[in-house]
S.K.: 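First the structure, which I've put down as structure tokens, then a few questions once you've had a look.
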Amino acid sequence: MGIRLYNSLTLQVEDFVPSDSNAVRMYTCGPTVYSFAHIGNLRTFTFNDILRRWLRARDFVLHDVMNITDVEDKIIRNSMAKGIPMGEYTQQYEKAFIEDCATMRFVPPWRLVRATEHIPEMVAMIEKLHEKGFTYESDGSVYYRIGRFPGYGKLSHNDFGGIRAGARVDVDEYDKDDARDFVLWKARKENEPFWEAPFGNGRPGWHIECSAMATKYLGDTLDIHAGGIDLLFPHHENEIAQSEGCSGKPFARFWLHCEHLLVDFSKMSKSLGNIYTLRELIEMGHAPETVRYLLASVPYRKKLNFSFDGLKAAATSIERLRNYALRLNTDKYPDGVSEPLEARAVKALADFDAGMDDDLNTAEALAAIYEYVRDTNSAMDAGDFKAGNVASAKRVLEKFDSVFEVLAPSVTEGALPDAAIDALVAERSLAKKNKDFKRSDEIRAELLAMGVILEDTKDGARWKRKS
RNA sequence: GGCGCCGUAGCCAAGUGGUAAGGCAGCGGUCUGCAAAACCGUUAUUCACCAGUUCGAUCCUGGUCGGCGCCUCCA
């Protein structure tokens, strides 16, 4: 049994096997750094993260590359409007993006690469495409002639047969009933950043960077190329045209696309004013791991309608798992081992794996965890859970958290040291023992005010910090 | 118009040709000095609607209605 993934190219779920032993060559489309990442972006990147983690969990060696698009129309326009150099402008947002990724607990990719540091590779690719007759020039810009590439449309499953090939269309006067040729190299404009190239000074078009960088670091054929579904056309279609036009080989074996996150049942947009950034949500008091859980818990091919109710539900769900982990670590259990519970843990792990293997069905994987947590909680209540079962129970939680990673609270409130809490808890326990409930309730309230929640168990009191 | 996705309880959501996982919320209990946590029970005779195939369909086919996305920059 192995991983099965839905391939946009074939519109089917397929067994995933890398072309070269157990090494996976993967490329994911990263951000254009012209503003802060919003939760829609983050959904796709969360999907990337879950995919990476699961591939690793299944013992694949990952060679994954993510790009940073740091030259693009909006970037140029905004940096010019601010009167600062493009690099300075993009740097601040790239930094913010990397911070956000850390906040979201994303595993860093093998390589994070910038478009502006790969201009020579892009130029070389365009030259090669030129030699092979895929390009034509117009007003100093270089265009890709899709009519020369027979496979054009195979990813988006569009039939472009009726389109007049090679018709020269200015991007600004784009006529959708006509050619879909796209720009590889934009002619230099006054005051704008540019690079030198044999075919004229200018800057790269959007699509060429991914083809050039993916090929450079991963070779002609990738095992996986992933990104948001809105990139499927034209971006990924164009990447195929460029890369395969150049190499003559299949560009990517698996194309994975993450569905959109919606807000109020429609795509986020500035005009609707329904864009939320991670930073805004954190400022509102939402823990980042709550956002992570919400984004990860809905399977990636399903549209996810963001809501604050959903965010609250995510927080409660995490809380329950944390309570369970706390109980597991602090309660005392009778000696011995329950074999049925050991078997139960094995089943939980198998069910979790099966869910994840099935095209990263996180909802199913989560269900396996919750069912197990409920069963073991019941066993603990009944006294059937033994000290010898703790290790396997921890393994289940660790497996879960190695993918979801939400158990550790983000905010470490420095305020009250553990020792001080322990002292107060001890004082309260004594008061409670003496039936001085007034004093014991007082201390409990006091601790709560300082962000510490106290819980009584049959073996005494335990505490946790409020998240 | 073309391409693609979707419509399962209050909300989120899994799922299979044979009779509906899981999470959140709600209600009723157990436990508790009170809480908290946890557990138990309960909440869809039903899976947008219609027709067909079938012994049998939420899952297959056709159609209808509804929602969303891409086709222009976009995660």
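Residue numbers begin at 1 in each chain, while the letters A, B, ... track the order of the sequences.
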S.K.: Think A:Arg374 has a side-chain N or O under 4.0 angstrom from the OP1 or OP2 of B:C39?
M.R.: no

S.K.: Would you find more than 12 non-hydrogen atoms of other residues, nucleotides or ligands less than 6.0 Å from A:Gln91 atom CD?
M.R.: no

S.K.: Using whole Å, what does the distance between atom P of nucleotide B:C68 and atom NZ of A:Lys303 come to?
M.R.: 10 Å

S.K.: Does A:Asp230 make a side-chain donor-acceptor contact with the base of B:C71, cut-off 3.5 Å?
M.R.: no

S.K.: Could you tell me the Watson-Crick or G-U partner of B:A48, where both distances fall under 3.5 Å? Say none if there is no partner.
M.R.: B:U64

S.K.: Would you say A:Ser378 places a side-chain N or O within less than 4.0 Å of OP1 or OP2 belonging to B:C40?
M.R.: yes

S.K.: Which heavy atom of A:Phe45 sits nearest to which heavy atom of A:Pro31, and what is that distance?
M.R.: CZ-N, 3.8 Å

S.K.: If we take the P atom in both B:C3 and B:U46, what is their distance in whole Å?
M.R.: 36 Å

S.K.: Specify the separation, in whole Å, of atom OH of A:Tyr293 and atom P of B:C12.
M.R.: 15 Å

S.K.: Just one of A:Lys464, A:Arg327, A:Arg444 clears the side-chain hydrogen bond (donor to acceptor under 3.5 Å, both in side chains) bar with A:Glu455, so which one?
M.R.: A:Lys464

S.K.: Quick check on B:A35: is either OP1 or OP2 less than 4.0 Å from any side-chain nitrogen or oxygen of A:Arg444?
M.R.: no

S.K.: Which part of the nucleic acid does A:Asn323 contact within heavy-atom distance under 4.0 Å: base, sugar-phosphate only, or nothing?
M.R.: sugar-phosphate

S.K.: Report the base-pairing partner of B:G41 (Watson-Crick or G-U wobble, both distances below 3.5 angstrom), or none.
M.R.: B:C27

S.K.: May I ask you to verify if any side-chain N or O of A:Arg322 is less than 4.0 angstrom from the OP1 or OP2 atom of B:A37?
M.R.: no

S.K.: For A:Val107, does its backbone N or O pair with a side-chain atom of A:Asp49 as donor and acceptor, under 3.5 Å?
M.R.: yes

S.K.: Quick one: is A:Lys302 getting a side-chain N or O under 4.0 Å of the B:C68 phosphate, OP1 or OP2?
M.R.: no

S.K.: For the side chain of A:Glu72 and the backbone of A:Ile75, is there at least one donor-acceptor N/O pair under 3.5 Å apart?
M.R.: yes

S.K.: Between B:A48 and B:G7, how many Å separate the two P atoms, rounded to a whole number?
M.R.: 8 Å

S.K.: Report yes if at least one side-chain N or O of A:Thr457 is closer than 4.0 Å to OP1 or OP2 of B:A37; otherwise report no.
M.R.: no

S.K.: How close or far is atom P of B:A75 from atom CZ of A:Phe97, stated in whole angstroms?
M.R.: 10 Å

S.K.: Taking atom P in both B:C50 and B:U58, compute the distance separating them and give it to the nearest angstrom.
M.R.: 11 Å

S.K.: Quick one: look up who B:A9 pairs with, Watson-Crick or G-U, both distances under 3.5 Å, and put none if it's unpaired.
M.R.: none

S.K.: With side chains defined as the heavy atoms from C-beta onward, is the minimum distance between A:Glu209 and A:Met122 less than 4.5 Å?
M.R.: yes

S.K.: So what does A:Lys458 touch, heavy atoms closer than 4.0 Å: a base, only the sugar-phosphate, or nothing?
M.R.: nothing

S.K.: Going by purine N1 to pyrimidine N3 plus the second Watson-Crick contact, or the G-U wobble pair, all under 3.5 Å, which nucleotide sits opposite B:G1?
M.R.: B:C71

S.K.: Taking atom C1' in both B:A20 and B:U45, what distance in whole Å separates the two?
M.R.: 11 Å

S.K.: How would you label the contact of A:Asn361 with the nucleic acid (heavy atoms, under 4.0 Å): base, sugar-phosphate, or nothing?
M.R.: sugar-phosphate

S.K.: Treating A:His118 as the side-chain partner and A:Arg114 as the backbone partner, does any N or O pair qualify as donor plus acceptor under 3.5 Å?
M.R.: yes

S.K.: B:G17 pairs with which nucleotide, Watson-Crick or G-U wobble, both distances below 3.5 Å?
M.R.: none

S.K.: Is there a side-chain polar atom (N or O) of A:Arg320 under 4.0 Å from OP1 or OP2 of B:C39?
M.R.: yes

S.K.: Taking only the side-chain nitrogens and oxygens of A:Asn158, find out if one of them lies under 4.0 Å from OP1 or OP2 of B:G2.
M.R.: no

S.K.: Which base, if any, makes a Watson-Crick or G-U wobble pair with B:U58, both distances under 3.5 Å?
M.R.: none

S.K.: For A:His235, which contact category applies under a 4.0 Å heavy-atom criterion: base, sugar-phosphate, or nothing?
M.R.: nothing

S.K.: Contact class for A:Leu294 (heavy atom, under 4.0 Å): base, sugar-phosphate, or nothing?
M.R.: nothing

S.K.: Determine whether the aromatic ring of A:Phe437 stacks with the base of B:G33, defined as ring centroids separated by less than 5.5 Å and ring planes inclined by less than 30°.
M.R.: yes

S.K.: Counting only Watson-Crick or G-U wobble pairs whose two distances fall under 3.5 Å, which nucleotide matches B:G33?
M.R.: none

S.K.: Looking at every strand, decide which applies to A:Asp309 at a 4.0 Å heavy-atom threshold: base, sugar-phosphate, or nothing.
M.R.: nothing

